[in-house]
Each structure stands twice: as structure tokens, then as C-alpha cells.
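So the structure is just underneath, and the comments pick up after that.
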Amino acid sequence: MDNFSQPSPSVGRLRFREILTLLLLTGLAFVVQGYHPGAEDAEIYLPGVLKLLNPRLFPFDSEFFTAHAHLTLFPNLIAGSVRWSHLSLDHALILWQLGSIFMLLLGCWKLSGLCFRDVYARWAGVVLVGALLTLPVAGTALYVMDQYVNP
């Protein structure tokens with residue numbers, strides 16, 4: 001049996017040093033990616049969150065965004081986290097963005113452990129994804145990860 005058919009022995013375990021490195025990479029990826037709240041399709045989902053937080057907002061023509069926003073758990077999840085944490089919506093959104101980047105990089109770390117036994121190759125894969133978050137996927141005009149929180 002060759003060495004490439006067995007996953008790395010540390011695929012399931014995550015050490016403190018690796019978590020710290022992933023947090024650092026999350027911060028760097030966030031800086032490289034930038035943060036642009038309210039861009040693109042946020043005009044559909046963020047009003048849904050605002051309406052849940054304050055039902056008196058948007059008394060007229062809220063059907064424009066509720067027709068789409070009610071099809072996902074995103075507005076409920078974000079509004080619930082704002083209520084639970086007592087943070088402002090802006091702070092909650094930036095924390096959700098950072099958490100999303102961290103979870104994506106963590107998933108890349110876990111997946112790269114199944115592909116590579118060498119730890120440097122694993123980190124190279126994670127860093128590559130972190131550096132290319134704003135790269136559009138070929139032929140789709142979709143990013144690997146949007147520059148703001150969205151469903």
C-alpha cells in the first residue's frame with residue numbers, strides 16, 4: 001500500500017497552533033479581500049434582517065425584498081444573533097464575515113489533510129484559497145467568497 005492512499009494522521013485533530021494560524025490567515029484574507037457591506041444582492045437580504053429587528057421599518061412595498069428574503073434562514077439567523085449578542089447589526093455582520101472566512105479556511109485545512117501528508121503542502125492549499133477569495137470562478141462572475149455576508 002502506498003503512502004498516498006492513507007490520509008494524514010492529524011486530519012481529525014486540530015492543535016492550538018493550527019487554530020492560531022487559521023485565525024491569522026483569516027485576518028489576512030479579510031484584509032486582502034476587503035469588506036463591502038451592502039454590495040450586490042445585499043439590498044434583498046439586509047432589509048429583511050432590518051425588518052425582523054424593527055418591524056416598523058419599511059411600512060410600504062416591503063414585498064420587494066421579503067419575496068426573496070423569506071426563502072432562506074439568513075435574515076432570521078442574523079437577526080437572532082444580533083438579538084442574542086446585543087451587538088449592533090454592523091458589528092454582527094463583520095463577525096459573521098470573519099467567522100465565515102475562518103470556517104472556509106478550516107474546511108480547506110481538513111480537506112487538504114486528506115490530499116496531502118506534508119504539512120507544508122496542506123498550508124499552501126489553505127493559503128492559496130485565502131489569497132484568492134475574490135477571484136471570480138471561471139465563466140460565472142461568482143466569487144469564491146463574497147466580500148460581505150450573504151446567504
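Values reported hereafter were calculated over all heavy atoms of this structure, with side chains retained and with hydrogens, waters and symmetry mates removed.
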Who pairs with [X] by side chain to side chain contact (heavy atoms under 4.5 Å, CB included), at least two apart in sequence or on another chain?
X	result
L89	V49, L50, L53, I78, V82, L93
N54	R56, L57
A67	none

Smallest separation among heavy atoms of G48 and P75, with atom names: C-CB, 4.0 Å
Does [X] have any side-chain hydrogen bond (donor to acceptor under 3.5 Å, both in side chains) partners at least two apart in sequence or in another chain, and if so, which?
X	value
S81	W96
S88	H91
Y148	D41, N150

Kindly write out the residues that satisfy ring pair (Phe, Tyr, Trp, His ring centres under 6.0 Å) with [X], not counting sequence neighbours, or none if the list is empty.
X	answer
F58	F65
F64	none
W123	W109

Please give the remaining members of the hydrophobic cluster of L128, linking ILVMFWY side chains under 4.5 Å, ordered by chain and number. L132, L135
Students should find that the hydrophobic cluster of L52, defined by side-chain heavy atoms under 4.5 Å apart, otherwise consists of none
[atom1] of [X] to [atom2] of [Y]: how many Å apart, nearest 0.5 Å?
X	Y	atom1	atom2	value
R122	C108	CZ	SG	11.5 Å
Y35	I101	OH	CD1	10.0 Å
E63	D61	CD	CG	6.0 Å

Is there a path from V129 to Y120 through hydrophobic residues (I, L, V, M, F, W, Y) whose side chains come within less than 4.5 Å of each other? yes
Do I94 and L23 sit in the same hydrophobic cluster, where Ile, Leu, Val, Met, Phe, Trp and Tyr count as joined when their side-chain heavy atoms come under 4.5 Å apart? yes
Take T21 and V126 through the test side chain to side chain contact (heavy atoms under 4.5 Å, CB included) and record every step on the way to the result. CA-CA 11 Å; T21 305; V126 174; over 6 Å; no
Only pairs under 3.5 Å count here: list side-chain donor-acceptor contacts from residues 25-34, not counting sequence neighbours, and write none if there are none.
{"from": "T26", "atom 1": "OG1", "to": "L22", "atom 2": "O", "distance (Å)": "2.7"}
{"from": "Q33", "atom 1": "NE2", "to": "M145", "atom 2": "O", "distance (Å)": "3.0"}
{"from": "Q33", "atom 1": "NE2", "to": "D146", "atom 2": "O", "distance (Å)": "2.9"}

When you look at OH of Y143, are more than 12 heavy atoms from neighbouring residues, nucleotides or ligands closer to it than 6.0 Å? no
What do you reckon, is CG of L73 surrounded by more than 12 foreign heavy atoms closer than 6.0 Å? no
